[in-house]
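Okay, structure first, notes after.
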Amino acid sequence: MQRLRRPFLLLNTPRRAQLHSHHVWPVRRPLVTCCSCSAPQRLHTSVNVGANPQLNPTTSEPPTPPTDHRALAQTHHLFITSPYSPGSPLLLPNGAYVFQKLQAFLRAQYPQFGFQEVITPTIYKKSLWETSGHWDNYAEDMFSVQGRGAMGQTQNAETGQDEEFGLKPMNCPGHCLLFRDEIKSYRDLPIRYADFSALHRNEISGALTGLTRVRRFHQDDAHIFCRPDQILQEIEQTLKFVGMVYDTFGLGPYKLLLSTRPVDHFIGTISEWDKAEAQLTTALNNSGREWALNEGDGAFYGPKIDIILKDSHGKEHQTATIQLDFQLPQRFNLQYQASPDELSSLPSEAPSSEDAALEPGNRRPVIVHRAIYGSLERFMALLIEHYAGNYPFWLSPRPAIVLALNQDPETLSHVAYIQSVLSGMESVETSEEARVQAPSTGEPVPPKPRPQKLNTIHLPIDADTTARPIGKKIAEAQMKKYNHIVVVGPKEVKSRSMTLEVVNQPHGGATEEVLVKILGRGLESGERKRGKITVNSTPAVARGYFEGLVDEFL
């Protein structure tokens, strides 16, 4: 892979204006996670607080871990790095489990917020990046790719003929192609595309760090194509989405930063900017959360809202972002059939040259770039440090471990049965097919595999059947921060039960409520010891309890 051409930061060309404020926050320069369509931007040192200030109350005292996410990742076997692919972390099974849970969580929320997930290519030809502006303005931060018929050596080649490829650093051009595929009516808008595709940016090698600064990463990226009169509603819904997600993870405090039209170097009309900024301001005021004004520091294609999160070390990071874009709809000549009201209203300013390509009766949509996690890798790093190994059950890569008290075959068989039930797999012992015997040998015939239900909650339940003292096994399980420890001995084998201990499960009060509900009774005095809960139950009851913890995001 090669670098493309000369350096230039796309979408961050505006001159920065000094802020004026009547209230000052001490704003540190955060380690920035960019939107899918922007490059890093420095924050100013003073801000202007909006109406109805209320700091996000999810947590006022985030935990302080003993070390950073890279050391914690080694302890919990989350990811490794390799000199063969600098800046591209390799996720181990535990890390992949957390990563996929983060994706699954957002996917579960998409229907209620109207998003449709799409899958787009990793590489595109040069002509697409020329249309979007990246080929000339983002070259230093892109990787080029060559292949058969794509060497870029043919003189005066037609579009698509013998062109270089570029690894995508952003999803927005691909989403513009999807929108442009067929004619849209004003009734079809808004259209919301979401995408988890891998992105590549050619970061400086000296800046690469763990999961926080990488070259290959994934975003919970989305683009909303809407009419100008729909901007307010879309921004309000997105802010609600952000609040719900951060409340679920217990992240905060965070603040909202509104960046407005730069003095110079912006596209679109002043009237469009004023209307867009007014809608963003109204949405922020209606959110009831603390926000700040960053005058003149919007991207040249539109104003934006950044969410600034304080991590467990007190450092600030830009994670979520909401950006309005007037440029890409013009570059890709995106259009929709206008409503009668839009056609009857006369524009307050003369149409721009970019609008000359509009078909009669059509208008341009506005694009809202939206990311809530930002980079999933960086968000994972924040969570690793935030939880310091004490993961909520639904997200935990180590929800439970089953420990064998001895090496008796019946004990080991019962351990395997419990592990199967708790993990969500159908137990071989309870299957009718498992009781079928071969006519010739009389031996049990292994059951045929059957597809699992799509809504099955699969959990990575571990087992330790080594011939070691049970005390050492328990100590090791506690050190590895398993949420639950299950001990199986002769008593459990005889009663076909299991002894479950809650050892590292956050949200103790809510957890106990779920357990009591599943048990159908209150906890007895002997089931509480030294602040921990230990109960004897059947594997099926314990599985119901685990499903309850997942459903409650505990």
Side-chain angles (χ1 to χ4, degrees), residues 59 62-82 85 87-105 208-214 216-218 248-251 309 311-313 315 317 319 373-403 419 422-424 457-466 468 472-486 500-508 511 532 546 549-550 553-554:
T59 176
T64 301
T67 185
D68 70 17
H69 76 282
R70 290 168 293 180
L72 290 167
Q74 289 183 353
T75 301
H76 300 286
H77 301 146
L78 300 176
F79 72 91
I80 63 171
T81 57
S82 169
S85 187
S88 300
L90 289 78
L91 297 185
L92 294 164
N94 284 353
Y97 181 82
V98 175
F99 183 91
Q100 291 166 349
K101 282 295 182 180
L102 292 177
Q103 289 183 317
F105 174 72
L208 302 177
T209 305
L211 296 178
T212 57
R213 199 63 178 259
V214 294
R216 178 184 184 270
F217 62 100
H218 304 74
T248 301
F249 287 99
L251 291 175
L309 174 69
D311 69 11
S312 53
H313 293 292
K315 296 179 182 178
H317 304 260
T319 50
Y373 293 152
S375 158
L376 266 75
E377 283 79 0
R378 179 168 293 169
F379 195 77
M380 273 186 64
L382 294 175
L383 291 179
I384 291 169
E385 296 185 359
H386 178 71
Y387 293 128
N390 192 32
Y391 292 97
F393 183 86
W394 71 273
L395 189 64
S396 175
R398 290 172 171 166
I401 185 170
V402 186
L403 307 179
Q419 183 184 21
L422 295 184
S423 66
I457 299 173
H458 292 288
L459 300 172
I461 307 299
D462 294 329
D464 186 346
T465 58
T466 59
R468 296 185 297 158
K472 288 187 176 181
K473 293 182 183 181
I474 292 175
E476 184 178 277
Q478 291 174 337
M479 183 272 294
K480 290 183 176 180
K481 300 287 187 177
Y482 282 94
N483 298 69
H484 301 82
I485 296 176
V486 178
L500 174 73
E501 183 177 10
V502 183
V503 292
N504 190 44
Q505 170 60 26
H507 309 292
T511 296
K532 296 180 181 179
F546 283 177
L549 294 182
V550 173
F553 294 109
L554 295 177

Quick one: sort the Phe105 and Phe249 rings into parallel, tilted or perpendicular, breaks at 30° and 60°.
-> perpendicular

Would you indicate whether the side-chain heavy atoms of Leu251 and Leu309 approach each other to under 4.5 Å?
-> yes

Spacing of CG belonging to Leu382 relative to CG belonging to Leu211, to within rounding of 0.5 Å = 10.0 Å

Would Glu476 and Lys472 pass as an ion pair if we require N to O under 4.0 Å?
-> no

Is there a donor-acceptor pair under 3.5 Å between the side chain of Gln419 and the backbone N or O of Ile461?
-> yes

Counting only N and O atoms by type, is there a donor-acceptor contact under 3.5 Å from the side chain of His69 to the main-chain atoms of Gly210?
-> no

Closest approach of Ser82 and Leu90, non-hydrogen atoms and distance?
-> CB-CD1, 4.1 Å

Leu403 side, atom CG; Asp464 side, atom CG - distance, nearest 0.5 Å = 5.5 Å

With distance as the sole test, does Tyr482 use its side chain to make a donor-acceptor pair with the main-chain N or O of Asp462 at under 3.5 Å?
-> no

When rounded to the nearest 0.5 angstrom, what distance separates CG in Leu554 from CG in Leu395?
-> 12.5 Å

How far apart are the C-alpha atoms of Thr81 and Arg70, what are their side-chain angles, what is the distance that settles it, and do they pass the side-chain contact (heavy atoms from CB on, under 4.5 Å) test?
-> CA-CA 10 Å; Thr81 57; Arg70 290 168 293 180; over 6 Å; no

Can you find a pair of side-chain heavy atoms, one from Asn483 and one from Leu549, that are under 4.5 Å apart?
-> no

Decide yes or no for Val98 and Ile384: does some side-chain heavy atom of the first lie under 4.5 Å from some side-chain heavy atom of the second?
-> no

Give the minimum heavy-atom separation between Lys473 and Thr465, together with the two atoms involved.
-> NZ-C, 4.0 Å

Assign the ring pair Phe393 / Phe546 to parallel, tilted or perpendicular, where the plane angle (0 to 90°) is split at 30° and 60°.
-> tilted

Find the distance between CG (Leu422) and NE2 (His484) and round it off to the nearest 0.5 Å.
-> 10.0 Å

Contact check, side chains of Tyr97 and Leu459, non-hydrogen atoms, under 4.5 Å = yes

Find the distance between CG (Asn94) and OH (Tyr391) and round it off to the nearest 0.5 Å.
-> 9.0 Å

Quick one: does Arg378's side chain get under 4.5 Å of Tyr373's, heavy atoms only?
-> no

With no hydrogens and no angle check, is any side-chain donor or acceptor of His386 less than 3.5 Å from a backbone partner on Gly250?
-> yes

Which atom of Thr212 lies closest to which atom of Ala381, heavy atoms considered | CG2-CB, 3.6 Å

Side chain proximity check, Lys532 to Val502, heavy atoms < 4.5 angstrom = no

For Gln478, does its backbone N or O pair with a side-chain atom of Asn504 as donor and acceptor, under 3.5 Å?
-> no

Do Thr511 side-chain atoms and Pro506 backbone N/O form a donor-acceptor pair below 3.5 Å?
-> yes

Heavy-atom side-chain proximity of His218 to Phe99 below 4.5 angstrom | yes

Taking all atoms of both residues into account, what is the closest heavy-atom pair of Ile485 and Ala477, and its distance?
-> CD1-CB, 3.7 Å

Sub-3.5 Å donor-acceptor pair from the side chain of Lys481 to the main-chain atoms of Ser396, do we have one?
-> no

